[in-house]
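Any value given below was found using the heavy atoms of this structure, including those in side chains, with hydrogens, waters and symmetry copies removed. Remember, predicted model here, so these are calculated numbers, not experimental data.
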Amino acid sequence: MIVVAVSLFLASLAMSLVVTAMARRFAGRMGFIDEPGERKIHATPIPRNGGMGIFWGFAIPLVAGLIGVVSMGNGTVWGMRVPVSVMEHLPGMRAHLPLAGLFLLATFAIHVLGLLDDRKPMAAWPKLILQLAIAGGLVGIGEGSMGPGAFRILTFLGDFPSVGFWASVLLSVCWIVVLTNAFNFLDHMDGLSAGIAFICAAMFLVAALFNGQWFVAALLILFLGAVLGFLCFNFPPATIFMGDGGSMVLGFILSVLTIRTTYYMPGRNWYAVLMPLFVMAVPLYDFVIVCALRILRGRSPLKADTNHFSHRLTRHGFSRRSAVLLIYGLTLATGVTAPLLAMVDDRAAILLAGQLLATMVVVAVLERVGEHTT
């Protein structure tokens, strides 16, 4: 299984590197150039279609894998012998084919929506409505055709047509859309959104492996390779931006895979379900604070500005690279112990919550130091 995992990672990494390089080369012909401006941190035009590398780096190996699962028989696929350890999981892999297909289709829809916005900026509210439609379609179709809980969180609230069921559906759609936009909001500094997504995915991979969820683990491994391939071009100083066609894909994939990951199992404590909030604490905090500040100042919460945590750090004297690395560290600090929630007792869980609170206090203090009225 280690060989399979490494193969998946290298395949998505290689595909992401190739597609990102091609996207950068042909960005001008495709009309994906980000010009310097008032809210921009770059002084020269930069390609902004790097999201193609993320999406296709994830999608192409996934499609190849799905075809391989369908073609797999008698211990071989495409003339190559399949390890016995993989064949043991063949029934489970085939059972997940419809889920993977629907998930990939919805992710493609989000990617296209982002590319359209990168090519010609859309108004915020129509884009939000389309995000809600895609997320709602994923949850609804999954629930209707693939069984309860396909892409729905908190299924213990009830089954159709109970009030708990509809609350679960609403929370699922909101979770997907909020995270999609949270990572979109984070895409304002070189390497920030992609790096945080990589750290979060690594933490969720640990949880998936702990629970033996090989389908989710495989998707997370593909995602990690695709993000790292793009990050090679995007880490400060970036030579290409991901654009909405990449940032929304990051949040969308992570939100859906957190829904598919099982945190609570019989015999474990209920607070294991809080793991995603621990891992995503920093991006969610930034999303909530920025939206709140915009509303308090009479602005649309969806209108971009320069009041993100990273912007404030640079105004306090941090270099852009240092600000990004600091936020990486804070994200790792909140997420690295999150998988332990499924294994500890009440007292240890309180200590983990205290650690999270202390980290977020550090974030709050850092962003409130000095003047930041821009």
Qualifying residues under side-chain hydrogen bond (donor to acceptor under 3.5 Å, both in side chains), relative to [X], sequence neighbours excluded:
X    : answer
S310 : H188
S300 : none
N181 : Q131
W56  : none

Just distance, no hydrogens or angles: give the donor-acceptor pairs under 3.5 Å from side chains in residues 357-364, sequence neighbours left out.
residue	atom	partner	partner atom	Å
T359	OG1	Q355	O	2.9

Contact between [X] and [Y] at the side-chain level, heavy atoms closer than 4.5 Å - yes or no?
X    : Y    : answer
F151 : I176 : no
L326 : F318 : yes
M122 : L113 : yes
F183 : M280 : yes
T331 : C200 : yes
V290 : R294 : yes
F309 : I289 : no
D190 : V324 : no

Could you check whether atom CE of M22 has more than 12 heavy atoms from other residues, nucleotides or ligands sitting under 6.0 Å from it?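 No, because the 6.0 Å sphere around CE of M22 holds 12 heavy atoms or fewer from other groups.
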Quick check for you: to the nearest 0.5 Å, what is the distance between [X] atom [atom1] and [Y] atom [atom2]?
X    : Y    : atom1 : atom2 : value
N234 : D187 : CG    : CG    : 7.0 Å
L104 : L66  : CG    : CG    : 7.5 Å
I54  : F230 : CD1   : CZ    : 5.0 Å
I221 : L209 : CD1   : CG    : 6.5 Å
F241 : M189 : CZ    : CE    : 10.5 Å
S168 : F160 : OG    : CZ    : 13.5 Å

Residues that [X] engages under side-chain contact (heavy atoms from CB on, under 4.5 Å), provided they are two or more places apart:
X    : value
S7   : V3
V112 : F108, L116
L277 : W175, L274, L284
A208 : Q213, V216, A217, L220

Check: [X] side chain, [Y] main-chain N or O, donor-acceptor pair, under 3.5 Å:
X    : Y    : answer
T258 : L254 : yes
R260 : A150 : yes
S12  : F223 : no
T334 : F278 : yes

Looking at residues at least two apart in the chain, or sitting in another chain, which of them share a ring-ring contact (aromatic ring centres under 6.0 Å, His included) with Y328?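 Testing Y328 for ring-ring contact (aromatic ring centres under 6.0 Å, His included), a comparison that skips the adjacent residues, returns none.
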Just grab all the side-chain hydrogen bond (donor to acceptor under 3.5 Å, both in side chains) pairs involving residues 133-151, residues at least two apart or on different chains.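 Qualifying pairs, neighbours excluded: E143-R152.
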Test: side-chain hydrogen bond (donor to acceptor under 3.5 Å, both in side chains). Region: residues 97-120. Which pairs qualify, not counting sequence neighbours?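 The answer is D117-K127.
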Mind checking whether F103 and F58 have parallel, tilted or perpendicular rings, split at 30° and 60°?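 Aromatic pair F103/F58 classed perpendicular.
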